Each structure stands twice: as C-alpha cells, then as structure tokens.
Amino acid sequence: MITIALCVSGCVGTGLFYLTRAYVIRQTEKKVQDLLMMNKALHVYIQKHTHPTLYYAMQQGDVKSGFYSPEILSSSFMSRSIHDYYNIERRQAGLPKMYYKFAAHNPRNPVNKGDEFELSLIQLFNANDAMLEYKKVVSRDGKAYLYYARPFLKTTEECLRCHGIPEDAPHALRMRYGSRQGFGATAGRYRAIESIREPLERDIKTANIIFFALLSGVAALGVLLFFNQRLHDRVKNRTATLEAEIVERNRAEQALRDSEHSYRTLTENLPGIVYRVFVQEQNRMHFFNAMHETITGYSTEELAAGEVCSIDPLIVDEDRQRVVFSVRQALQENQPFEVEYRITHKNGTIHTFIERGRPTYDDRGEVLYIDGVIFDITEQKSVQEERIRLATVVEQAGETVMIMDRDGAVQYINPALTRLFGFSFDEMIGLRPFVVRPDMDNSDRYASIWKTINDGTIWTGRLKNMRKDGNEVTLEVAISPIRDGSGTITGYVSIGRDVTKELQLEEQLRHSQKMEAIGTLAGGIAHDFNNILGAIIGFAEISCDDIDDAAPVKYNLEQILHSSMRARDVVRQILAFSRKDVRERKPAHLGTVVRESVTLLQASFPSTIEIRYRVHPGSDVVMADTTQIQQLLMNLGTNAYHAMQETGGVLDIQIAPRVLDDEAAGGFSDLHPGPYVELMVGDNGCGIAPEVLGRIFEPYYTTKDIDKGTGMGLAVVHGIVKSHGGDITVESNPGEGTRFRILLPLLETDDAEEVFSPETLPCGTESILFVDDEEALVRLGDMMLKSLGYQVSVFQDSREALDAFRAGPDRFDLLVTDQTMPRLTGLELARQVLQIRHDMPIVLCTGYSETATEEKATAAGIAAFLMKPLNRRELAEAVRRVLDK
C-alpha cells in the first residue's frame, strides 16, 4: 500500500511540476510580450511624431539640414537606453538582469550586431512571413532563461531615408557612423529582430516551492489516509506537518500576490476591458482595467457614479435581454459564455462589443464572481458585414462569376454558373477552362486569352461553352487579373452573361428584315406587272371567242392564256411570300384542308413514299385562305418528295393544338402567348446541311438541279405562314430527315363557308361606270363587260369620271375603278361618289397598293375588292355578285 501511495504521489507530483513550470514560463512570456509591445509603441511614436516634426523643422530652417541625433531619431538607441535604465531598476529591486537587444545584420552601432544564432533567425523570419515569433527555454551560465525573439518592423519607404543608400541619409549620420554601417536595407524586408532573454530562475524557484508544498500535501494526505487508525498516536507529527503547510501556504499566497501584480500590469495593457464581476453584489465590477475609458469614452468615476459600477447601462435596449439570458444560461450550466452586443459610446455613436466570461463557484456551488474580457469589434464587424454583402451580391447575381488561381484552376463559382451549365460546385472546382491544351480545336484563341490575362490585361469577348446536357450556350465574358497588395497577379476572375437567346433573336430579326426588304421589292413591281398581264389575259380571251375552234391561231392564243395565267400565279406567289397579297380568309378546319391536300399528294407520289396523316384531338379551326394553305402543303410535300426520291421513305403530317406560354413565345419573333394549331410536316430523307439551313426561306435560293426547282417553294411557304399571323421553324440534320413546324393562331369558332363557282358566265344589262388609267385596260374592260350584256361608260381620267357621275348619279348601277391612278385614287373616287350617292355599289381593283387593302375598302363602303390581273370569269362573277346584293 505504501508503494501504491508513493506511485500515486509521484505521478501527481510530476504532473503538478510540469503544470507549474508551464505556468511560470507562460507568465514570463506575457511579461516579455508586454515589453515588446511597449518598445513597438515607442518605435511607432518616433516614426509618427518625432521624424515628421524634425524633417519639417529642417525644411523650415529651424534645424540644420543633415542634423542627426540618435537620442532623438533612433528607436533602437532609445530602446536600448531605456532597457539599460530598466535593468538598473530591476537590480535595485533585487531582480536579475534581463537581456534585450536589437539584433541586426548590418547595424549602425556594433553593439546591435547579432550573433550567429540571431542572424539565422533574421533569415528565418524573412523566409517565412507567417512566422511571427520564436521562443524557447535555454540555459546560460547554469541559469534558465526564456529566450524570445520576433522580427522588428518591416522596412518602409520612410525607413530608407536613413537605412537605404548613404547619399539619402543626413550628413551628420554618415559622419557619425560612416557610409557602410546601417545602410543597404530593402523595403518589405526585416533588417533586425528583437532578441530577449528573461531570467526564469527566480520564478522557477517559486514554482518549485509551490510544487514541493503541493507534493508534500498530497503525500501527507496519502499517508494519513493509510494510517488513519494511528491518527491519535501521531497528533504531534500531524500538527508539525500542518504548521509546515501553513508556512508554505503563506509563501504561496505571497507568490500569488506577486503574480497578481504581474497579471494586473499585463491586463492594463491589453486592447480590451478585463474585469471581475461579483454576482452576489448586484454585478458590481470589483476589478477592471483602464482600457474601458478608451473603448467606452467614460472614465472610472463616471461608471462608478451609479449605485453599481458596471457598463451594463451602456448596452442598447434591444440587446440587453439577450445578454442577460446568455449570462444566466452560462451560470446555470457552469459553462463559459460568449455574447455579442452593442453599447452607446459617450460621443453618441454605437459600438459593437464581444464579451467572453467564465463563472467561478464556491464550495456550495454558488457563483462567487465572473472573470471576463470585452473587446471593441466595431471595425471588424463593419468589414465582416461588407464582405457578407459582397458575397451575397456574388451569390445572388444573375451573371456568372468564376474565380481561378494563378494557374487557371477554378477555385470558386457562383450559383448562376452552376444553374447555367448544369455542373455542381464540386464538379467545377479544380478545372482549368482557359489553359491551352493541344487537343483543343480553338487553341489559338485560348492561347490569346491566356496571354492577355497573364500579361495583366482585362480580356472581353464572347465564348461558346457546352452545358452538361450537351446544349451550347454563348457567354459575353470579361476576365480580369486579381492582384495582391504588391501588384502581383494571384488569380483571375471571370464574369459572364448568357447571350444565347439574344443572339438567336438577333438572327431572327436579321432574317425578318431580309424577308421584309425582298417583299418590299416584290410589291413594288406587282402593280405594273399585273396591269400588263391583265391586258394580255383579257384580249387573249376575247380573241379566242372571235376565232373558230378549228383555226390554228386559236391554239396559239390558248397557250398565251395558259402562260399568262402561270405568270399571274408567279406574281401571286411573290406577293404571298412578301405577305402583301390580299386574300379573303374565312374560318376553316385545318384538318379538312390538309386532308384534301394529302389526297392530291398521294395521287402524285410513287409507292416508295408512304404518307402518314394524323389529327390529334382538339380544335383545329383557323382563319385562313384555304387555297394558300393547300399551296403551302403542296410545296412542303414536293420538297419532301425530292428529299426521299432516291431512297423512298415516310412523309409524316400531324395536326395538334399547342399553347405557348411567355417563355415559349419568346423563342419566336412575331408570336404572342396563347393557343395555336401546330402543323408538322416531316420526312426521313437526306436532310439539310447546317450551312444551308439558314437560307432555305430565301427566294430563288435552291440546292436542286435547274430542272427540279425555282427556289420559290419555301419562300412562298414562309410568306403564307407570316401573312396568316403564324410562324414556321425547321429542324434538320444530314441523313436524319427534316421537320417543318407551322404555328397558326387558333380561332375559337366552328363556322365555315362554302364557295360556289358557277359553270357559266353571269351576264346583265345594268349600266356600269368603268375607270382605269391604263388605255389598254379601259378598252379591255369596255369590251368584256359589253360582251356580257352590260351598258358601259369608260374613263381613263378619274376626275372626268367623277364629273360624269355628278352630272347623272342615277344613270349608273355600278362603279368599277382601279386604285392606283394619277390625280385621284380609286379610294378617293369611291369616297366622293358615295358622298353624292351613298347606296352606289362599287368594285375596287388593284394590282398591288400598300394604301389600299380589303379592310380599308370595306371601311370606306366599297362592296368588293379584287386583285389584278382578272380574267373574264372573275370579273363577271364579281360584278354580278355586287349587283345582286
């Protein structure tokens, strides 16, 4: 049992020994750091006050130029002198001498020349900026010392006045020390360290006393427990032991008082409030250092003016309850606490504090006091909030943000980039998107980007990138270098904006403008050409009526008529492409119209091509010119036939309802959100090459042989779709076929009209006023109408026709007038005629005019609107239809 007791005592004693020794070394280290802070403050004071004042006095002539006095200007001289005085005071107080030295490579004063170990430390500090101190317990002359070293302030431009080159230094300085000592310093480098050896002998002895006292107590306690049954026999020995313990305790208390003195000295110099609060005395501050005057603005007397000395009244009202709760919770759980709150400074400003404290309890478990520290973190809080705001902006920005290191590896991406590309944060980190690789097709461009940013220049431009799902996006990117405080490039930041949809819309706009320009040109020639065709068609028809069927010339006239009608259809195709052909549109079931066209296609296609036709459930009523829709489908079907002519295949035609939301409608240049009917015409033929796909709707652009197409088919389709208020898109890849998708606005009605065309020409006997500025067309109209039985008055001048009508308004049953005429247009003539006789039926004809449309004609009271050129049947039916109303 004795052996066990001795072992336990030995273990406990060893632990106490090392704990006591560590505490002594730590306290000594704090004293050393306190001295270093004082010397640093002295140096800063000299730099900020003494140096500028002396140089200013030199500039004013109050001090001789080149004046130098180390007693005034050299912080190392002053620190060394103060250290000497400090050691004198220590010696008088019975304390051992402390070693302090500014150790340098090339000092001004040889006294400051570092020994071999100190010079190696200077090199070590310069090689490692993160190393801020060096400490170690050493033995010199048989005595223990705490050796502590840290780098002196880095050399600044101000330091170089006296430590740079001799020519810049004061003359007196060079005269005093020569031109080699103390010079040659470099800005940003440490030229000296502060080297300190603090004696530990006295403190270690004190610690040993405490150690032996505690060890003796532990040993004695173990013996007493073991020999408890002999307690009465050993009262005298125990009493002696207790007396010895009392003596040791008194010595420990004295050591504690000395330590408390050192502790108070240290706390007075901390950059925060150090306090002790007695909870049972209404949180009265029993102790706090003088720093409270700096960070609160109130003196000790002002804080103590109330019933209790405390800074609690300075806490803002919104934070007070939270502080009280945190402290109470810490007391209940016997845990240290940390709480952040705001106080009102004496000058009225709000400061942010952070307080850390730990409660101490008595033997009964009741709180005796709380020890803690309080720091003013207002400035740090402001910086932190600014960083949080900046980080929030980057995280929530719509633009993509990517930060790379010096080698181009990704260090950070914001959520906008992950959303755009579909890659996660972890998948992107470490990639090197702008570093040139030999396998990259655009390596020259990436090499240019890398060179630009590596030279420190901002690069801007557009880059195409591939999303995780394989889709391509285009970014407008700015890549900027990131520099540290010295101007060295440490990385790069790339900020990008997705312009993919903008580029698509720009392409659509350019295409629309190109189509509009071609349409304007087409409309410009339509009027005159239609007048010419009208004369050819009309006179040919009349001539055919006057010639015997067996006459050879009649065949020639019939060929002229046939070719003229083909020319008229070409003109109408051009106007359909340009969306300037005015046709009557009625509600129609798109499925019915397409079904009739499919029948025609099936009859003309070979058996190697299968036609699949399907109408999905839902309304398919659109406002349409059924003839143009049939022409549209025939053109698309013919196009598909040519793509599958050699290999055969399937022509797939589908009709289905479709609703466009805001996002979907944004992909089209002229469509708005709402219901539509989609007509899809697809084939599995040879497909269209990407370089051709963008030009297929241009008129006269074709990849077919000369005898297989004119290049107008898809241009006419495009014009018909646009004139119906719809849009058309195409999807194709070589070898994979082609799919045209046409969207037409859905009409919520089910009405449909049937057009009846009689087999014979309708005739009449009414009186007709016929007006046209073309002589040939005037003669033609006169002959055609008279051949139908009508009485005709013709005029080539619209004003003369108006005068004739004024002279006898009731003479005429119908006015047939051209639109484009000099002096008085057809619309103006119609308006003035209707002012004279409001029930006068009028037919307006035009080859093409932007100022005259069917809507304007109807609004002006005109009964019929006809497009030239007209054959005799079209004119006869229109005249009869208007007269019969």
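Values in this document were obtained by computation on a predicted structure and should not be read as measured data.
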Spacing of [X] atom [atom1] and [Y] atom [atom2] [to the nearest 0.5 Å]:
| X | Y | atom1 | atom2 | answer |
| --- | --- | --- | --- | --- |
| Ile611 | Ile609 | CD1 | CD1 | 8.0 Å |
| Arg880 | Cys763 | CZ | SG | 9.0 Å |
| Gln832 | Ser798 | CD | OG | 9.0 Å |
| Ile768 | Leu815 | CD1 | CG | 10.0 Å |
| Leu746 | Leu743 | CG | CG | 11.5 Å |
| Ile862 | Lys856 | CD1 | NZ | 11.5 Å |

So [Y] and [X], do their side chains get closer than 4.5 Å, heavy atoms only?
| X | Y | value |
| --- | --- | --- |
| Val594 | Val615 | no |
| Pro762 | Glu877 | yes |
| Val659 | Tyr676 | no |
| Phe740 | Leu714 | yes |
| Leu651 | Met644 | yes |
| Leu769 | Val816 | no |
| Asp818 | Glu774 | no |
| Leu632 | Leu679 | yes |

Next on the checklist: Let's go through Leu802 and Ile836 carefully: what are the C-alpha distance in whole Å and the side-chain angles of both, what is the deciding distance for side chain to side chain contact (heavy atoms under 4.5 Å, CB included) to 0.1 Å, and is it a yes or a no?
Outcome noted: CA-CA 10 Å; Leu802 181 60; Ile836 298 171; 4.3 Å; yes
Salt bridge between [X] and [Y], side-chain N to carboxylate O under 4.0 Å?
| X | Y | result |
| --- | --- | --- |
| Arg779 | Glu775 | no |
| Arg799 | Asp803 | no |
| Asp772 | Lys868 | yes |

Item to check | Working for side chain to side chain contact (heavy atoms under 4.5 Å, CB included), residues Ile655 and His616 | outcome: CA-CA 6 Å; Ile655 297 176; His616 294 268; over 6 Å; no
Next on the checklist: Run Thr825 and Thr820 through side chain to side chain contact (heavy atoms under 4.5 Å, CB included) and show every step you take.
Outcome noted: CA-CA 6 Å; Thr825 66; Thr820 306; over 6 Å; no
Just by distance, do the side chain of [X] and the backbone of [Y] share a donor-acceptor pair under 3.5 Å?
| X | Y | answer |
| --- | --- | --- |
| His724 | Ile720 | yes |
| Arg612 | Val650 | no |
| Ser732 | Gly737 | yes |
| Tyr613 | Gly591 | yes |
| Gln791 | Glu766 | no |
| Ser723 | Gly719 | yes |
| Asn871 | Glu874 | yes |

Checklist entry - For Met680, which residues count as a side-chain contact (heavy atoms from CB on, under 4.5 Å) partner, sequence neighbours excluded? => result Asp652, Gln654, Arg739, Arg741
Looking only at non-hydrogen atoms, find the nearest pair between [X] and [Y] and report the distance.
| X | Y | value |
| --- | --- | --- |
| Arg658 | Glu678 | NH1-OE2, 3.0 Å |
| Ser619 | Leu747 | OG-O, 4.3 Å |
| Val882 | Ala864 | CG2-CB, 3.6 Å |
| Ala860 | Leu827 | CB-CD2, 4.3 Å |
| Ala665 | Pro673 | CB-N, 3.7 Å |
| Arg811 | Ala804 | NH1-O, 4.2 Å |

Next on the checklist: Please identify which of these residues, Asp813, Leu883, Leu814, meets the side chain to side chain contact (heavy atoms under 4.5 Å, CB included) condition with Tyr790.
Outcome noted: Leu883
Checklist entry - Could you walk me through whether Leu866 and Leu844 pass the side chain to side chain contact (heavy atoms under 4.5 Å, CB included) check? => result CA-CA 6 Å; Leu866 302 178; Leu844 181 65; over 6 Å; no
Item to check | Any residue meeting side chain to side chain donor-acceptor pair (under 3.5 Å) with Glu828, in chain and number order, not counting sequence neighbours | outcome: Arg831
Next on the checklist: So, using side chain to side chain donor-acceptor pair (under 3.5 Å) as the criterion, who are the partners of Asp683 when residues are at least two apart?
Outcome noted: none
Checklist entry - Please walk me through it: do Tyr641 and Phe605 pass ring pair (Phe, Tyr, Trp, His ring centres under 6.0 Å)? => result CA-CA 7 Å; Tyr641 164 70; Phe605 279 11; 5.5 Å; yes
Item to check | Atom CD of Glu472 with >12 non-hydrogen neighbours under 6.0 angstrom | outcome: yes
